[in-house]
Structure formats: C-alpha cells, structure tokens
**Student:** 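This is the structure I want to talk about, given as structure tokens.
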2 protein chains.
Amino acid sequence: MSRWEPNAEGRLQRAALELFADQGFENTTVAEIAERAGLTERTFFRYFADKREVLFAGAEELQKILVDVVHDAPPSSQPLSVVAQAFESINPFFEQRREGAQLRQAVIKANPELRERELIKMATLAAVLAGALRERGVSEPAATLASEAGVVVFRVGFDAWLDPRHKGDLTDAIRDGFSQLEDVSDFGFRRATPAPKA
Amino acid sequence: MSRWEPNAEGRLQRAALELFADQGFENTTVAEIAERAGLTERTFFRYFADKREVLFAGAEELQKILVDVVHDAPPSSQPLSVVAQAFESINPFFEQRREGAQLRQAVIKANPELRERELIKMATLAAVLAGALRERGVSEPAATLASEAGVVVFRVGFDAWLDPRHKGDLTDAIRDGFSQLEDVSDFGFRRATPAPKA
DNA sequence: ATGATGATGTCAGGAAATGACATCATCACG
DNA sequence: CGTGATGATGTCATTTCCTGACATCATCAT
C-alpha cells in the first residue's frame, strides 16, 4: 500500500472541475482544489502550468490523434476531406467522457479567462493540423483554410453533440457539420442570401 | 496649471508599450508602468481591467467604426461585401499609428498571454459584426461566416501592412486580402490542390 | 539495508488584482 | 471670495496566483 493515492493528476482535474462547476472558476482557489484532491497547492502547479490549464490537459492527446490520422491518410486525398476524416475519428476519445465534457464546456462558457484559453488551444490545433497538411504536400493557403474550417466544424459539431437532446454520436455530428460546410461553401460568400427553403 | 498631468490613460498606454517592447511583457511590472507614467499602480487598475488590457484599449473604438459602416451600408449589399467595405474604411483610424501598431504587434506576438487576449478580441469583434449583419436581415450561417472570414482577412492584411517593406496603405492591403479570399473561395475546399504555377 | 530516484511537502516571496478609505484639484454657486 | 460637491488620485491592507529553494517521504534496484 502506498502512502500516495494513485493518479494525482486525475484527482486534481476531477476536483477542479467539480469545484468550478459548483462555485465558479473565480470563486475557487487552487488551494481548495488541491485540498479536495488530498494534495498541496504546490503540487497542483507541478502538474499544471496555471489554474486554467487543469481544464485543458488532454488537448495534446487529442492533437496527437488528429495529426496521426492526417499523417496516415491516403496520399492523394483532398485537404478538407483529410481533415474531416481526422475529426470523424475522435469518437472513441470522447465516448466515455461526454458527461465530463458537458460540465467542462459549461464551465468554460461561463468564464472569459477560460474562453481565452480555449481559443488559443483551438488556434494551436489548427496551426498544427495545417503543418501536418503541408507535410503531405498541401500548399498554402489551402492548408490553413482547410484546418481552420475543420476546427470550426469540430467546435460546432462538438457543441451540438454535447446538447442533451442530441441524437447520434460525435462522428455523426461532425459529419453533419462538414456536409453543411459544403453547402455553405457552394453558396459562396459573394452571392446574395438565398431565399429560405420553407 | 493642474497638479495632474493630462491624459493619464494615454501616458499609461505609452509607458506600457515602451516597457513591454524593451524588457518584455513578463519582465515588466504594473508598478513600473505606473511609475513611468507618473502615477500609481492602483490608478493603472482604474483605467485597465488587467495588465494585458492596456494594449487593447481602442478595440471598442475600432469596433464602433466597423459596426457603424455595416449599419449604414446600402440595404441590398451582399454580406461579405458589406464587411469588406467596413474594413476598407479603417485606414484613417490607423494611418497615424503605424509605428505604434508595429511595436504593439511585435510585443503581442512575443507573448502567449497577449495572444490569448488578441484572439478573444478578434472573436468578439466577429461576433459583434455578425450581429450587425443579422440586424440587416442577413441570416445564419451567412452572417457568422462573412464576419469570421472578414476578420481573418483583416488580420492578414493588417499584418502585411505593418511589414516595413509594404507598399500602399491599409485599405489596399485589406482589399487585396478580400480579392484573394475570392480566389480561394472559387478554388473551393473539396477540390484537389491545383498544380503550382511555376 | 541502503543508496538513488522521483513524488510530494514546507517555506518564503514577488507580482497581480481588489476593496476601503484618505486626499487633492476643480468647479459651481452663493 | 469661500465653501461644499465631485471626480481623480494616492495609501494601505489583503487575497490569490505562481515560483524557487530546499526538505522529506516512498519506491525500487542492487
């Protein structure tokens, strides 16, 4: 039996999420989080660079999955379809964590500082994906555009999937997003708003 | 003659920019900034919500200009062209401040915290523009897409304009950006990368 | 058992941010 | 002129975030 409970990082993440959801991000101190996890403030900062980051661990893991898919895609695929394929492959990553993701998203939405952090994470993700596309021979600005568009679709699809009323899995939600993007893309920026279908 | 020098806010902004450019954002304390401006740390926080914000004042002003142009545009214009018109109108706002803007951009680029803040400012701007478009009867997702695309073009054009080697004014740079966007948009996401021109 | 290693704790301190209150300059008004 | 209201600034105290330096504890190889 060990003096230290296992999975310190996970305990900190869990404690933080619970407290943030309960009292709000700003009303929660790092000392509280650490205490609830049975650890010390100092130890918190050994695992996470700052108080916000505790909600964003896992981003690297997700990033790695996406980049790997891009890297392994068949050589001739079109950029956006490679990106779509990558995002459509992350269902397993989130399947078990939907409830936690819902909580987390609500917490982030409620706090500007956390929104800032989320934005930079997404921007970083897009940049990394663009780099992976360029390594496949995709040129600019196609690489950046495909990645940015892909990230937008992911965010929208992810939010839709988190909605308790949503039917279907994350892959479906994201697939829908990409097909809507296709419609919008056909629609074009410069043309007038089409008449509503109804 | 007043005991207080005029334009406290401006003095703080100037002092901050100089110190950030000189020593970096992280190595500069708010106390230093205030001292250089002949004021107190406490007064700094009366003008700016936090240390970062001192670099982003003026965003509301810019935002107001853009929204006004969108608001006053002829009723039938197409969404992206309204947005383009708005951004192409901001030359006067930046004409006198190019040097300061160059410094500022370099400072922001060098610091992740400041990049976060810039990202959320741009996101807010896009959201506000989308709202203004919707008030004109533009439906979603056209409003959001046009605004987001417009902000991207602005950032790219703005960066290009800041480059010391750049010829022409900001409006030119932004106009170029929008016409490139048109090309890219024609190019389409789903099609294969065209062969390089060379 | 024992020494190396890695995880955690303890302590001290700087800097950001905020609230409460004091002080100073200006201006309107009699 | 003077005097009180108002707004800008200063002072002080405090909390919280975050970091460096060092101590301590658990584990594991030998």
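Keep in mind it's a predicted model, so treat the numbers as computed, not measured. Just so we're on the same page: letters track the sequence lines, and every chain starts at 1.
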**Student:** Distance check needed: D:dC17 C1' versus A:Leu114 CG, whole Å only.
**Tutor:**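 Spelled out: CG on A:Leu114 to C1' on D:dC17 is 14 Å.
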
**Student:** Please determine whether the number of non-hydrogen atoms from other residues, nucleotides or ligands lying under 6.0 Å from atom CD of A:Glu35 exceeds 12.
**Tutor:**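 Counting neighbours around CD of A:Glu35, 12 or fewer heavy atoms of other residues, nucleotides or ligands fall under 6.0 Å, so no.
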
**Student:** Which nucleotide sits closest to the side chain of A:Thr29: D:dC17, C:dT8, D:dG10?
**Tutor:**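 Among the listed nucleotides, the one closest to the side chain of A:Thr29 is D:dC17.
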
**Student:** Under a 4.5 Å side-chain heavy-atom rule over Ile, Leu, Val, Met, Phe, Trp and Tyr, are A:Val156 and A:Leu80 clustered together?
**Tutor:**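 Not linked; separate clusters.
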
**Student:** Over how many whole Å does the gap from B:Ile33 atom CD1 to D:dT9 atom P extend?
**Tutor:**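 B:Ile33 atom CD1 is separated from D:dT9 atom P by 16 Å.
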
**Student:** Counting only heavy atoms not in A:Glu26, do more than 12 fall under 6.0 Å of its CD?
**Tutor:**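 Not more than 12 within 6.0 Å, no.
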
**Student:** Return the value, rounded to whole Å, for the distance between atom CG of A:Leu39 and atom P of D:dA26.
**Tutor:**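 That distance rounds to 14 Å.
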
**Student:** Give the rounded distance in Å between these two atoms: CZ of A:Arg52 and C1' of C:dA16.
**Tutor:**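 Spelled out: CZ on A:Arg52 to C1' on C:dA16 is 12 Å.
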
**Student:** Rounding to an integer number of Å, can you tell me how far B:Glu113 CD sits from D:dC18 P?
**Tutor:**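 The answer, rounded to whole Å, is 9 Å.
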
**Student:** Rounded to the nearest angstrom, tell me the gap between atom CZ in A:Phe25 and atom P in C:dA17.
**Tutor:**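 Computing the A:Phe25:CZ to C:dA17:P distance gives 13 Å.
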
**Student:** Nearest to the side chain of B:Glu41 - C:dG9, C:dA16, D:dC17?
**Tutor:**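 Between C:dG9, C:dA16, D:dC17, the one nearest the side chain of B:Glu41 would be C:dA16.
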
**Student:** Does a side-chain N-to-carboxylate-O contact under 4.0 Å join B:Lys64 and B:Glu60?
**Tutor:**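 Looking at B:Glu60 together with B:Lys64, the answer is no, because their closest N to O distance does not fall below 4.0 Å.
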
**Student:** What is the distance from CG of B:Asn7 to C1' of D:dT9, rounded to the nearest Å?
**Tutor:**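 Taking CG of B:Asn7 and C1' of D:dT9, I get 15 Å after rounding.
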
**Student:** Taking atom C1' of C:dA16 as reference, at what distance in whole Å does atom CG of B:Asn27 sit?
**Tutor:**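 Taking CG of B:Asn27 and C1' of C:dA16, I get 15 Å after rounding.
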
**Student:** From the options B:Gln105, B:Arg104, B:Arg52, select the one residue that forms a side-chain hydrogen bond (donor to acceptor under 3.5 Å, both in side chains) with B:Glu118.
**Tutor:**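 When B:Gln105, B:Arg104, B:Arg52 are each tested with B:Glu118, the side-chain hydrogen bond (donor to acceptor under 3.5 Å, both in side chains) holds only for B:Gln105.
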
**Student:** Can you sort out which residues in residues 42-51 of chain B have a heavy atom within less than 4.0 Å of DNA chain D? Ascending by number, please.
**Tutor:**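 Hits under 4.0 Å, by residue number: B:Arg42, B:Thr43, B:Arg46, B:Tyr47.
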
**Student:** With sequence neighbours excluded, tell me which residues meet salt bridge (charged side-chain N to carboxylate O under 4.0 Å, His left out) with B:Glu61.
**Tutor:**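 Here no residue qualifies.
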
